[in-house]
Amino acid sequence: MPQVIVRNAGDISLIRTGERIEMEYLFDVPHFVESLRISCPGLQLYSKTDDIPGHSGKTKLISLLPESIVSHIPKTGLSHPEEWRGTFHTWLEQYLSPDHIKVVELGRSYLQYPIYSDGEGFATSFGSILKFREDVRILATTTLRRLGEKFNLALEDKMGEPILKNAFFGAHLRTEKDAREGWPAGDWKYSRFDIQTELYLQQSARSNTPLIYVASGDLSEVAMFTEKALAINKTVTTKFSVLSGKDLEELEALAWDQQALIDFLVMLKASDFAGVGHSSFAWNIALKRHLYAEEKNHLNGPQMLSDELSQIYGIPRGYPEYAACLWP
């Protein structure tokens with residue numbers, strides 16, 4: 001079964017720690033297993049490598065970064081994805097022997113596979129093999145319900161709709177510590193708080209709602225954004241603002257990345273959404289929302305992604321790997 005590499009709890013900018021944890025840290029494992037069973041009934045799943053018959057903990061794993069066996073990969077992913085399987089089998093032959101089980105440990109391959117090479121239907125549905133863990137989904141639904149109650153949005157009968165019209169504008173404020181260090185403001189215009197704030201508040205004018213739901217892992221940045229929004233008569237809220245009691249306790253007990261999953265699910269429902277182009281979080285939300293958009297030329301400007309449901313700010317055609325290789 002896949003595992004998750006967790007970031008450093010004491011310093012969120014330390015992402016590639018090498019520390020692994022079971023995938024239930026973020027995802028609904030029973031849903032994943034059942035999805036694979038239905039889609040690939042002949043596939044045998046093992047929870048751990050030690051569960052594989054004929055394999056023991058003393059057997060050395062064969063490590064492979066999947067893209068390493070291909071000579072050149074453009075930003076838009078593998079040029080000939082249909083050839084990778086044959087290339088892999090050729091690579092594997094050097095390790096095969098008739099009397100020993102070999103286990104290949106795949107490294108983290110990120111934004112390397114062009115998802116539309118398997119057709120649009122598969123590309124836009126395969127990501128559903130994963131669902132966030134159940135407690136997170138419940139908290140996200142509770143957040144939406146409390147949002148509706150607090151601001152009189154009448155959402156209860158609309159919860160099943162993919163996009164909640166005239167409800168709230170969702171803004172992903174990507175200015176946390178890890179973002180500031182990964183994309184220094186001096187080099188990356190759109191990583192600056194003032195630029196994001198200006199763009200988001202300008203976009204909020206097109207949203208037929210005075211309410212802005214902000215996703216951010218830094219509440220001090222949210223407080224500054226709130227002041228700016230008040231100046232144009234916009235109200236700002238977060239999951240921490242609308243949850244209370246036992247729900248708030250459950251939220252605060254979650255790790256930083258786990259808390260972000262709630263924002264992800266809430267933002268999917270927003271009447272309008274804004275993010276920045278160097279954020280895979282924002283791209284993933286916008287691409288999923290785009291499935292419900294009427295505007296199909298979403299990558300032709302004026303922003304990095306633009307349709308009537310979302311704006312991802314940046315220079316058009318920037319970060320092409322997200323649109324090409326990120327499963328919505």
Side-chain angles (χ1 to χ4, degrees), residues 26 28 31 124 127-128 130-174 200-217 219 222-223 225-226 229-230 232-254 258-275 281-295 305 307-312 328:
L26 298 178
D28 184 329
H31 171 79
T124 57
S128 298
L130 290 175
K131 285 202 308 190
F132 293 145
R133 41 191 279 176
E134 184 179 19
D135 58 343
V136 162
R137 302 199 309 271
I138 292 172
L139 276 176
T141 300
T142 303
T143 298
L144 284 168
R145 284 182 170 146
R146 299 294 174 265
L147 198 66
E149 293 167 1
K150 183 173 182 178
F151 297 100
N152 299 314
L153 300 178
L155 298 182
E156 196 61 39
D157 294 334
K158 304 176 183 177
M159 295 291 282
E161 299 176 8
I163 305 294
L164 299 172
K165 297 180 180 179
N166 304 323
F168 62 93
F169 170 50
H172 179 220
L173 191 60
R174 191 65 174 103
Y200 294 172
L201 293 183
Q202 286 176 357
Q203 183 180 336
S204 70
R206 86 174 191 180
S207 303
N208 192 23
T209 171
L211 181 62
I212 303 175
Y213 180 96
V214 174
S216 173
L219 293 181
V222 175
F225 183 88
T226 300
L230 285 173
I232 60 169
N233 298 317
K234 296 288 185 178
T235 300
V236 173
T237 191
T238 69
K239 56 185 179 292
F240 291 100
S241 302
V242 297
L243 293 177
S244 61
K246 179 175 175 291
D247 297 322
L248 183 58
E249 290 176 4
E250 289 184 14
L251 170 64
E252 292 175 336
L254 296 174
Q258 293 172 328
Q259 291 180 354
L261 302 182
I262 295 162
D263 285 333
F264 187 101
L265 293 172
V266 171
M267 290 297 193
L268 287 178
K269 298 274 192 177
S271 311
D272 197 8
F273 172 72
F281 182 91
W283 266 101
N284 211 326
I285 292 171
L287 288 171
K288 187 70 172 180
R289 290 168 57 83
H290 180 69
L291 300 180
Y292 306 102
E294 295 182 6
E295 172 59 59
L305 180 150
D307 61 28
E308 74 273 19
L309 299 179
S310 309
Q311 297 288 318
I312 297 297

Inset, instruction - Applying side chain to side chain contact (heavy atoms under 4.5 Å, CB included), run through Arg133 and Leu254 and close with a yes or a no. - result: CA-CA 12 Å; Arg133 41 191 279 176; Leu254 296 174; 4.2 Å; yes
Do [X] and [Y] come within less than 4.5 Å of each other through their side chains, counting heavy atoms only?
X	Y	result
Tyr292	Leu268	no
Glu250	Ile138	no
Leu248	Phe240	yes
Val266	Lys239	no
Gln311	Arg206	yes
Leu144	Leu164	yes
Leu305	Ser310	yes
Thr237	Phe151	yes

Inset, instruction - Please lay out, stage by stage, how Gln258 and Leu26 fare under the test side chain to side chain contact (heavy atoms under 4.5 Å, CB included). - result: CA-CA 6 Å; Gln258 293 172 328; Leu26 298 178; 4.2 Å; yes
Inset, instruction - Mark yes or no for whether Arg289, through its side chain, and Ile163, through its backbone, hold a donor-acceptor pair below 3.5 Å. - result: no
Pairwise distance [atom1]([X]) to [atom2]([Y]) - rounded to 0.5 angstrom:
X	Y	atom1	atom2	value
Thr235	Lys150	OG1	NZ	9.5 Å
Lys288	Phe264	NZ	CZ	8.0 Å
Phe168	Leu153	CZ	CG	8.5 Å
Thr143	Leu243	OG1	CG	4.0 Å
Ile285	Leu309	CD1	CG	13.0 Å
Lys131	Leu261	NZ	CG	14.0 Å

Inset, instruction - Assess the side chains of Ser204 and Ser207: does a donor N or O sit below 3.5 Å from an acceptor N or O? - result: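 No, no side-chain donor-acceptor pair sits under 3.5 Å.
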Inset, instruction - Check whether more than 12 heavy atoms from other residues, nucleotides or ligands sit under 6.0 Å from atom CD of Glu149, and answer yes or no. - result: yes
Inset, instruction - Check step by step if side chain to side chain contact (heavy atoms under 4.5 Å, CB included) holds for Glu134 and His31. - result: CA-CA 10 Å; Glu134 184 179 19; His31 171 79; over 6 Å; no
Inset, instruction - Go through the steps to decide whether Tyr200 and Ile212 satisfy the test side chain to side chain contact (heavy atoms under 4.5 Å, CB included), and finish with yes or no. - result: CA-CA 10 Å; Tyr200 294 172; Ile212 303 175; over 6 Å; no
Do you know the tightest heavy-atom contact between [X] and [Y]?
X	Y	result
Glu252	Gln259	CA-NE2, 3.8 Å
Lys165	Lys158	O-NZ, 4.4 Å
Val236	Ala229	CG2-CB, 3.5 Å
Ala270	Gly170	CB-N, 3.8 Å
Gln203	Ala274	OE1-CB, 3.2 Å
Ser216	Asp263	N-OD2, 4.0 Å

Legend entry - side chain to side chain donor-acceptor pair (under 3.5 Å), paired with Asn166, selected from Asn208, Asp272, Thr209: Asn208
Inset, instruction - Could you check whether the rings of Phe281 and His172 sit parallel, tilted or perpendicular, using 30° and 60° as the cut-offs? - result: tilted
